[in-house]
Amino acid sequence: MLLSAAGWAAVGAVALALGTIPSAYFAVRDEKNRKYYGVLAAITGIATVAYALTSLGIGSIPVGDATFYTPRYVDWLLTTPLLILYLTMLCKPGKQLYALLIGLDVALIGLGIVAIFTEGALSLTLFGLGGAAYVALAYLLVTELPDRASFASERVGIVFAKLRNVTVVLWTLYPVVWLLAPVGFGLMEPGTEMMVIVYLDIITKVGFAILAIMGRDALDDITDQSLQLDTEEQESSTATEFVS
């Protein structure tokens, strides 16, 4: 570890800013699929701002021997729902399941935040509840989400599976880091903790965006299907009005 926590946060800000460029580029160039690239750009863009603030010490609150990084948790509260949103935009499982996924996501992050500001058995209990919420979230992502999916094509299903798998595997590592970090059992130095979190955030956000862009041909299948359905609905509506 050659850098301080602030130094690693600065590295994260630069990496995520660079990672925002491809999504922003396609958001400008591909008008038909702009909303998809807009979500990807928002994910890395929000994280860029969060790391920039953290590198400047803004929102860093001492909690015992640890530090609570406010921008980090605001980032997660905003970007993790967007990551889930992108997955649901690919598979269209319905608003009810999306709401449940977001509820569990916010719950696990919120419980993790409260656990930082408590001590002993209470802190570990809250962390455990957050872990249970994550297990439920991961289960829904792995089983219920694809079961209720309505994929526009086989290609869309393949892209979804890759993005979902990367997300679940990498998100599983965050609770491990929490336990090892100063907010947990203190087995990591602050700089090491920040380095690991930066690395994970780069993969889960920039890596996610790159994989999504590599599978951008699948977006045309979704858009074309939506246009076809809209056309059929309009024709059906016109026919009904004519008969009436």
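Here, residue 1 is the first one in the sequence, and each next residue gets the next number. Just the heavy atoms: all of them, side chains too, but no hydrogens, waters or symmetry mates, feed the values below.
Side-chain contact between Ser153 and Val156 is present, with heavy atoms from C-beta onward closer than 4.5 Å. In this structure the side chain of Lys32 reaches within 4.5 angstrom of the side chain of Asp224, judged on heavy atoms. Inter-residue side-chain proximity for Cys91 and Phe151 is flagged as met; some heavy-atom pair is nearer than 4.5 Å. Looking at heavy atoms from C-beta onward, Leu137 lies in side-chain contact with Ile84 at the 4.5 angstrom threshold. The shortest side-chain heavy-atom distance between Val63 and Val183 does not fall under the 4.5 Å cut-off. Proximity of Val196 to Met188: side-chain heavy atoms (C-beta onward) are separated by under 4.5 Å at one or more points. Looking only at side-chain heavy atoms (C-beta outward), Tyr174 and Asp201 come within less than 4.5 Å of each other. Here the side chains of Met214 and Lys162 are not in contact, with every heavy-atom distance at 4.5 Å or above.
The nearest pair of heavy atoms linking Lys205 to Thr79 is CE-OG1, 3.3 Å. Summarising the geometry of Leu40 relative to Ala209, their closest heavy-atom pair is CD2-CA, 4.1 Å, with the distance given to 0.1 Å. Thr172 approaches Val176 most closely through the heavy-atom pair O-CG2, 3.9 Å. Between Ala13 and Thr48, the shortest heavy-atom contact is O-CG2, 3.6 Å. In terms of heavy atoms, Pro71 sits closest to Gly59 at CD-O, 3.9 Å. When all heavy atoms of Phe160 and Pro146 are compared, the closest pair comes out as CE2-CB, 4.2 Å.
With a 4.5 Å cut-off between side-chain heavy atoms of Ile, Leu, Val, Met, Phe, Trp and Tyr, the cluster of Leu18 takes in Val14, Ile21. The hydrophobic cluster containing Leu53 also includes Val49, Leu56, Ile58, under a criterion of side-chain heavy atoms closer than 4.5 Å among ILVMFWY residues, counted directly or through chains of members.
Legend: ring pair (Phe, Tyr, Trp, His ring centres under 6.0 Å) pairs involving residues 183-223, not counting sequence neighbours, sorted by first then second residue: Tyr86-Phe208. Screening residues 127-146 for ring pair (Phe, Tyr, Trp, His ring centres under 6.0 Å) gives Phe127-Trp178 as the qualifying pairs, with residues at least two apart or on separate chains. Residue pairs that meet the side-chain hydrogen bond (donor to acceptor under 3.5 Å, both in side chains) test with at least one member in residues 17-29, sequence neighbours left out, are Thr20-Thr44, Tyr25-Arg29. Screening residues 61-73 for side-chain hydrogen bond (donor to acceptor under 3.5 Å, both in side chains), with sequence neighbours left out, gives Arg72-Glu193.
The CZ atom of Arg34 sits 13.5 Å away from the CG atom of Leu219 when rounded to the nearest 0.5 Å. Here the CG atom belonging to Leu16 is positioned 5.5 Å from the CD1 atom belonging to Ile202, to the nearest 0.5 angstrom. If you take CG on Leu126 and OG1 on Thr118, they are separated by 5.0 Å, rounding to the nearest 0.5 Å. Here the CD1-CG distance, from Ile203 to Leu170, works out to 5.5 Å after rounding to the nearest 0.5 Å. The distance from atom CG of Leu124 to atom CG of Leu129, rounded to the nearest 0.5 Å, is 11.0 Å. Of the inter-residue distances, the one linking Leu90 atom CG with Leu145 atom CG reads 9.5 Å to the nearest 0.5 angstrom.
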Validation: residues 99-117 side-chain donor-acceptor distances under 3.5 Å, sequence neighbours left out:
{"residue": "Asp105", "atom": "OD1", "partner": "Thr80", "partner atom": "OG1", "Å": "3.3"}
{"residue": "Asp105", "atom": "OD2", "partner": "Thr80", "partner atom": "OG1", "Å": "2.6"}

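Partners of Val142 under the side-chain contact (heavy atoms from CB on, under 4.5 Å) rule, at least two apart in sequence or in another chain, are Arg164, Val168. Residues satisfying the salt bridge (Lys or Arg N to Asp or Glu O under 4.0 Å) test with Arg148, not counting sequence neighbours, are Glu144. Glu119 is linked by a salt bridge (Lys or Arg N to Asp or Glu O under 4.0 Å) to nothing, counting only residues two or more places apart in sequence or in another chain. Among residues two or more places apart in sequence or in another chain, the salt bridge (Lys or Arg N to Asp or Glu O under 4.0 Å) test is passed with Asp217 by Arg155. Qualifying salt bridge (Lys or Arg N to Asp or Glu O under 4.0 Å) partners for Asp147, counting only residues two or more places apart in sequence or in other chains: none.
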Note to self: side chain to side chain contact (heavy atoms under 4.5 Å, CB included) for Tyr51 and Met194? Distances and angles first, verdict last.
What the structure shows: CA-CA 10 Å; Tyr51 273 115; Met194 184 64 74; 4.0 Å; yes
Next item on the list: Start with the C-alpha gap between Thr54 and Asp75, add the side-chain angles, then the distance that decides, and say whether side chain to side chain contact (heavy atoms under 4.5 Å, CB included) holds.
Entry: CA-CA 11 Å; Thr54 301; Asp75 166 11; over 6 Å; no
Margin query: Walk me through whether Leu3 and Met195 qualify under side chain to side chain contact (heavy atoms under 4.5 Å, CB included).
Written below: CA-CA 8 Å; Leu3 301 175; Met195 177 186 69; over 6 Å; no
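Put simply, Val169 and Leu140 are part of two different groups of oily side chains (I, L, V, M, F, W, Y) that touch within less than 4.5 Å, one to the next. Residues Leu179 and Leu187 share a hydrophobic cluster, clusters being chains of Ile/Leu/Val/Met/Phe/Trp/Tyr side chains in contact below 4.5 Å.
In the model, Tyr36 has no side-chain atom that pairs as donor or acceptor with a side-chain atom of Thr223 under 3.5 Å.
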